[in-house]
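Here is how names work: the chains are called A, B, and so on, in the same order as the sequence lines, proteins then strands, and each is numbered from 1. Atom set for the values below is all heavy atoms of this structure, side chains included, hydrogens, waters and symmetry mates excluded.
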Amino acid sequence: MILNLRLTMESGQPPNFIWNKEGNKYFRYIDGEKCYIWYDNNLRCTEGFEEHVLKLLRAGDDLNKIYKKISTDAAIKRAIKNYRGLRVTLSDPWETLVCFICSINNNIPRIRKNVQSLMREGRVLTPEEILKADLSKCSLGFREKFLKETAELVLSHDFKKIGETDYKTAKQTLMEFPGVGEKVADCVLLYGYGFLQAFPIDVWIQRAMEKYYRKKKPAEIRKFAEERWGSCAGYANTYLYAAVRGI
DNA sequence: AGCCAGGGCGCTC
DNA sequence: GAGCGCCATGGC
(Lines give C-alpha, C1' and ligand atoms only; values in the text may rest on other atoms or scores of the structure.)
Protein backbone atom coordinates (compact mmCIF):
# COMPACT_ATOMS: atom_id res chain seq x y z
CA MET A 1 0.00 0.00 0.00
CA ILE A 2 1.30 3.43 -0.97
CA LEU A 3 1.24 5.44 2.23
CA ASN A 4 2.74 8.54 3.77
CA LEU A 5 1.27 8.25 7.26
CA ARG A 6 2.42 11.65 8.49
CA LEU A 7 0.89 13.49 5.54
CA THR A 8 -2.29 11.50 5.84
CA MET A 9 -2.72 12.08 9.57
CA GLU A 10 -1.61 15.73 9.58
CA SER A 11 -3.05 17.31 6.46
CA GLY A 12 -6.26 18.77 7.84
CA GLN A 13 -8.47 15.72 7.58
CA PRO A 14 -10.46 14.59 10.64
CA PRO A 15 -7.65 12.37 12.02
CA ASN A 16 -5.62 15.58 12.27
CA PHE A 17 -8.13 16.85 14.82
CA ILE A 18 -9.04 13.61 16.59
CA TRP A 19 -5.84 11.55 16.81
CA ASN A 20 -2.88 12.52 18.98
CA LYS A 21 0.83 12.05 18.46
CA GLU A 22 3.28 10.29 20.75
CA GLY A 23 6.77 10.23 19.24
CA ASN A 24 6.25 8.96 15.73
CA LYS A 25 3.07 7.10 16.64
CA TYR A 26 -0.51 8.31 16.41
CA PHE A 27 -3.12 7.17 18.91
CA ARG A 28 -6.66 7.49 20.06
CA TYR A 29 -9.05 5.44 22.19
CA ILE A 30 -11.43 3.09 20.45
CA ASP A 31 -14.01 1.29 22.59
CA GLY A 32 -12.02 2.34 25.63
CA GLU A 33 -8.75 0.83 24.43
CA LYS A 34 -5.72 2.79 23.26
CA CYS A 35 -5.01 2.22 19.59
CA TYR A 36 -1.66 3.18 18.08
CA ILE A 37 -0.82 3.57 14.40
CA TRP A 38 2.72 3.94 13.12
CA TYR A 39 4.86 3.20 10.12
CA ASP A 40 7.87 0.92 10.32
CA ASN A 41 8.70 -0.14 6.77
CA ASN A 42 5.08 -1.17 6.82
CA LEU A 43 1.83 0.01 8.33
CA ARG A 44 1.60 -1.07 11.98
CA CYS A 45 -1.07 -0.75 14.62
CA THR A 46 -2.08 -2.07 18.02
CA GLU A 47 -3.17 -5.67 17.76
CA GLY A 48 -6.88 -6.07 17.23
CA PHE A 49 -7.40 -2.75 15.42
CA GLU A 50 -6.18 -3.84 12.00
CA GLU A 51 -9.61 -3.71 10.43
CA HIS A 52 -10.37 -0.31 11.92
CA VAL A 53 -7.09 1.15 10.69
CA LEU A 54 -7.43 -0.27 7.18
CA LYS A 55 -10.86 1.31 6.97
CA LEU A 56 -9.57 4.65 8.31
CA LEU A 57 -6.82 4.75 5.68
CA ARG A 58 -9.08 3.45 2.91
CA ALA A 59 -6.64 0.65 2.26
CA GLY A 60 -8.80 -0.56 -0.60
CA ASP A 61 -8.04 2.52 -2.69
CA ASP A 62 -5.50 1.74 -5.40
CA LEU A 63 -3.50 4.97 -5.40
CA ASN A 64 -1.67 4.18 -8.63
CA LYS A 65 -4.99 3.80 -10.37
CA ILE A 66 -6.31 7.00 -8.80
CA TYR A 67 -3.13 8.93 -9.68
CA LYS A 68 -3.51 7.84 -13.28
CA LYS A 69 -7.12 8.98 -13.36
CA ILE A 70 -6.58 12.42 -11.84
CA SER A 71 -3.27 13.21 -13.58
CA THR A 72 -4.86 15.57 -16.08
CA ASP A 73 -2.28 18.35 -16.04
CA ALA A 74 1.07 19.56 -14.74
CA ALA A 75 -0.30 21.17 -11.57
CA ILE A 76 -1.84 18.06 -10.17
CA LYS A 77 1.00 15.86 -11.36
CA ARG A 78 3.34 18.03 -9.33
CA ALA A 79 1.07 17.74 -6.29
CA ILE A 80 1.03 13.97 -6.62
CA LYS A 81 4.81 13.92 -6.89
CA ASN A 82 5.22 16.15 -3.84
CA TYR A 83 2.60 14.47 -1.68
CA ARG A 84 2.82 10.88 -2.83
CA GLY A 85 1.24 8.58 -0.26
CA LEU A 86 -1.26 11.11 1.03
CA ARG A 87 -4.48 9.16 1.40
CA VAL A 88 -8.06 10.30 1.75
CA THR A 89 -9.25 9.06 5.15
CA LEU A 90 -12.60 7.71 6.31
CA SER A 91 -13.70 8.62 9.82
CA ASP A 92 -16.89 8.20 11.83
CA PRO A 93 -19.65 10.35 10.24
CA TRP A 94 -20.71 12.07 13.46
CA GLU A 95 -17.14 12.82 14.50
CA THR A 96 -16.52 14.15 10.99
CA LEU A 97 -19.57 16.38 11.17
CA VAL A 98 -18.42 17.79 14.51
CA CYS A 99 -14.96 18.47 13.07
CA PHE A 100 -16.29 20.42 10.13
CA ILE A 101 -18.84 22.40 12.13
CA CYS A 102 -15.86 23.44 14.23
CA SER A 103 -14.01 24.30 11.01
CA ILE A 104 -16.40 27.08 9.99
CA ASN A 105 -14.40 30.29 9.53
CA ASN A 106 -11.68 28.79 11.72
CA ASN A 107 -8.04 27.76 11.36
CA ILE A 108 -6.49 24.30 11.72
CA PRO A 109 -4.80 24.68 15.13
CA ARG A 110 -7.97 26.14 16.63
CA ILE A 111 -10.21 23.56 14.97
CA ARG A 112 -8.09 20.94 16.65
CA LYS A 113 -8.38 22.70 20.02
CA ASN A 114 -12.15 22.97 19.63
CA VAL A 115 -12.57 19.33 18.63
CA GLN A 116 -10.30 18.10 21.43
CA SER A 117 -12.36 20.12 23.91
CA LEU A 118 -15.38 18.17 22.69
CA MET A 119 -13.74 14.82 23.44
CA ARG A 120 -13.94 12.65 26.54
CA GLU A 121 -12.04 9.41 27.02
CA GLY A 122 -10.66 9.60 23.51
CA ARG A 123 -13.91 10.03 21.64
CA VAL A 124 -16.08 12.89 20.47
CA LEU A 125 -19.13 13.53 22.65
CA THR A 126 -22.28 11.90 21.28
CA PRO A 127 -25.21 14.07 20.19
CA GLU A 128 -26.94 13.32 23.51
CA GLU A 129 -23.84 14.37 25.43
CA ILE A 130 -23.43 17.53 23.35
CA LEU A 131 -26.97 18.54 24.27
CA LYS A 132 -26.39 18.03 28.00
CA ALA A 133 -22.87 19.48 28.13
CA ASP A 134 -21.92 23.00 29.14
CA LEU A 135 -19.82 24.03 26.14
CA SER A 136 -19.10 27.56 27.34
CA LYS A 137 -15.47 26.65 28.10
CA CYS A 138 -14.87 25.20 24.61
CA SER A 139 -14.58 28.64 22.95
CA LEU A 140 -16.59 27.54 19.96
CA GLY A 141 -17.98 31.04 19.47
CA PHE A 142 -20.95 31.15 17.13
CA ARG A 143 -20.36 27.51 16.26
CA GLU A 144 -21.72 26.36 19.62
CA LYS A 145 -25.27 27.17 18.56
CA PHE A 146 -24.79 25.29 15.27
CA LEU A 147 -23.43 22.27 17.12
CA LYS A 148 -26.20 22.13 19.72
CA GLU A 149 -28.94 22.54 17.13
CA THR A 150 -27.37 19.98 14.82
CA ALA A 151 -27.01 17.50 17.70
CA GLU A 152 -30.71 17.97 18.43
CA LEU A 153 -31.64 17.28 14.81
CA VAL A 154 -29.28 14.33 14.44
CA LEU A 155 -31.19 12.52 17.18
CA SER A 156 -34.28 12.43 14.99
CA HIS A 157 -32.29 11.17 11.98
CA ASP A 158 -30.91 7.76 11.16
CA PHE A 159 -27.49 9.28 10.78
CA LYS A 160 -25.63 6.27 9.42
CA LYS A 161 -28.27 5.83 6.74
CA ILE A 162 -27.39 9.11 5.06
CA GLY A 163 -24.46 7.31 3.46
CA GLU A 164 -26.68 4.65 1.96
CA THR A 165 -28.34 7.04 -0.46
CA ASP A 166 -26.73 8.63 -3.51
CA TYR A 167 -24.36 11.59 -3.26
CA LYS A 168 -26.85 14.34 -4.11
CA THR A 169 -29.57 13.06 -1.80
CA ALA A 170 -27.08 12.64 1.03
CA LYS A 171 -25.82 16.18 0.46
CA GLN A 172 -29.32 17.64 0.57
CA THR A 173 -30.05 15.79 3.79
CA LEU A 174 -26.83 16.98 5.45
CA MET A 175 -27.53 20.56 4.42
CA GLU A 176 -30.71 20.50 6.51
CA PHE A 177 -28.51 20.61 9.60
CA PRO A 178 -27.76 24.06 11.06
CA GLY A 179 -24.21 25.09 10.18
CA VAL A 180 -23.98 22.69 7.27
CA GLY A 181 -23.68 24.44 3.92
CA GLU A 182 -22.22 23.05 0.71
CA LYS A 183 -18.62 23.05 1.87
CA VAL A 184 -19.18 21.37 5.23
CA ALA A 185 -21.56 18.89 3.61
CA ASP A 186 -18.97 17.93 1.00
CA CYS A 187 -16.31 17.47 3.68
CA VAL A 188 -18.58 15.16 5.66
CA LEU A 189 -19.55 13.28 2.51
CA LEU A 190 -15.91 12.82 1.54
CA TYR A 191 -14.21 12.16 4.87
CA GLY A 192 -17.13 10.71 6.85
CA TYR A 193 -19.18 8.79 4.30
CA GLY A 194 -16.57 8.01 1.67
CA PHE A 195 -18.12 9.74 -1.34
CA LEU A 196 -14.97 10.24 -3.40
CA GLN A 197 -16.79 12.41 -5.93
CA ALA A 198 -17.27 15.15 -3.31
CA PHE A 199 -15.15 18.24 -3.95
CA PRO A 200 -15.28 20.60 -0.95
CA ILE A 201 -14.63 24.20 -1.96
CA ASP A 202 -13.04 26.33 0.75
CA VAL A 203 -10.87 29.43 0.51
CA TRP A 204 -7.74 27.36 -0.12
CA ILE A 205 -9.28 25.28 -2.88
CA GLN A 206 -10.57 28.51 -4.42
CA ARG A 207 -7.03 29.86 -4.40
CA ALA A 208 -5.70 26.64 -5.89
CA MET A 209 -8.32 26.54 -8.61
CA GLU A 210 -7.73 30.15 -9.53
CA LYS A 211 -3.96 29.75 -9.48
CA TYR A 212 -3.79 26.52 -11.48
CA TYR A 213 -6.95 26.63 -13.62
CA ARG A 214 -8.16 30.24 -13.67
CA LYS A 215 -11.46 29.16 -12.18
CA LYS A 216 -12.78 31.49 -9.53
CA LYS A 217 -16.48 31.10 -8.86
CA PRO A 218 -17.56 28.06 -6.80
CA ALA A 219 -20.23 26.99 -9.30
CA GLU A 220 -17.64 27.11 -12.08
CA ILE A 221 -15.13 25.21 -9.95
CA ARG A 222 -17.66 22.53 -9.03
CA LYS A 223 -18.56 21.87 -12.66
CA PHE A 224 -14.92 21.85 -13.74
CA ALA A 225 -13.91 19.40 -11.01
CA GLU A 226 -16.79 17.07 -11.71
CA GLU A 227 -16.07 16.93 -15.43
CA ARG A 228 -12.32 16.63 -14.97
CA TRP A 229 -11.95 14.23 -12.05
CA GLY A 230 -15.43 12.77 -11.62
CA SER A 231 -15.49 9.86 -9.19
CA CYS A 232 -11.99 10.75 -7.89
CA ALA A 233 -12.57 14.48 -7.41
CA GLY A 234 -12.12 14.12 -3.64
CA TYR A 235 -8.57 12.87 -4.12
CA ALA A 236 -7.76 15.70 -6.50
CA ASN A 237 -9.18 18.08 -3.89
CA THR A 238 -7.06 16.66 -1.09
CA TYR A 239 -3.86 16.94 -3.16
CA LEU A 240 -4.58 20.45 -4.42
CA TYR A 241 -5.36 21.51 -0.88
CA ALA A 242 -2.02 20.18 0.34
CA ALA A 243 -0.22 21.77 -2.60
CA VAL A 244 -1.66 25.25 -2.25
CA ARG A 245 -1.14 25.23 1.51
CA GLY A 246 2.35 23.86 1.22
CA ILE A 247 1.77 21.26 3.91
C1' DA B 1 -5.99 48.21 14.58
C1' DG B 2 -7.13 45.21 11.27
C1' DC B 3 -7.03 40.95 8.77
C1' DC B 4 -7.50 36.11 8.45
C1' DA B 5 -9.08 31.36 9.51
C1' DG B 6 -10.95 24.11 5.45
C1' DG B 7 -18.21 29.22 6.01
C1' DG B 8 -23.17 29.62 6.95
C1' DC B 9 -27.12 32.42 7.32
C1' DG B 10 -30.30 35.97 6.46
C1' DC B 11 -31.05 39.82 4.15
C1' DT B 12 -31.19 42.41 -0.03
C1' DC B 13 -31.71 43.15 -5.26
C1' DG C 1 -29.30 33.16 -7.90
C1' DA C 2 -25.61 36.42 -6.72
C1' DG C 3 -23.74 39.87 -3.48
C1' DC C 4 -22.92 41.42 1.28
C1' DG C 5 -22.58 42.09 6.37
C1' DC C 6 -22.60 39.65 10.32
C1' DC C 7 -21.49 35.98 13.21
C1' DA C 8 -17.18 34.56 18.29
C1' DT C 9 -12.55 33.64 19.01
C1' DG C 10 -7.61 33.90 18.77
C1' DG C 11 -3.13 34.54 16.34
C1' DC C 12 -0.34 37.52 13.83
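- Within the 4.0 angstrom heavy-atom criterion, no nucleotide atom of any strand lies near A/Asn16.
- Contacts of A/Glu182 with the nucleic acid, taken as non-hydrogen atoms under 4.0 Å apart, involve only primed sugar atoms and P, OP1 or OP2.
- You'll find that the side chain of A/Ser103 is closest to B/dG6, out of B/dG6, B/dG8, B/dA5.
- At a cut-off of 3.5 angstrom, counting only N and O atoms as typed in the model, there is no donor on one side facing an acceptor on the other between the side-chain of A/Asp202 and the base of B/dA5.
- When distances run from any side-chain atom of A/Lys113 to the nucleotides C/dG11, B/dG6, B/dC9, the shortest one goes to C/dG11.
- As judged by a 4.0 angstrom heavy-atom cut-off over every strand, A/Gly179 is placed among residues touching the sugar-phosphate backbone only.
- Within 4.0 Å of A/Tyr191, counting heavy atoms only, lies at least one base atom of the nucleic acid.
- A close approach under 4.0 Å does not occur between any side-chain nitrogen or oxygen of A/Arg143 and OP1 or OP2 of C/dC7.
- Judged by distance alone, the side chains of A/Asp166 and A/Thr169 do bring a donor and an acceptor atom under 3.5 Å apart.
- At a cut-off of 3.5 angstrom, counting only N and O atoms as typed in the model, there is no donor on one side facing an acceptor on the other between the side-chain of A/Asp186 and the base of B/dG6.
- Within the 4.0 angstrom heavy-atom criterion, no nucleotide atom of any strand lies near A/Leu140.
- Spacing between B/dG6 and C/dA2 at atom C1', rounded to whole Å, works out to 23 Å.
- Judged purely by distance below 3.5 Å, without hydrogens or angles, the side chains of A/Tyr26 and A/Asn16 never pair a donor atom with an acceptor atom.
- A/Tyr212 and A/Asp73 share no donor-acceptor pair across their side chains, judged by distance under 3.5 Å alone.
- Aromatic rings from A/Phe177 and A/Trp94 are positioned such that their centres are separated by 6.0 Å or more.
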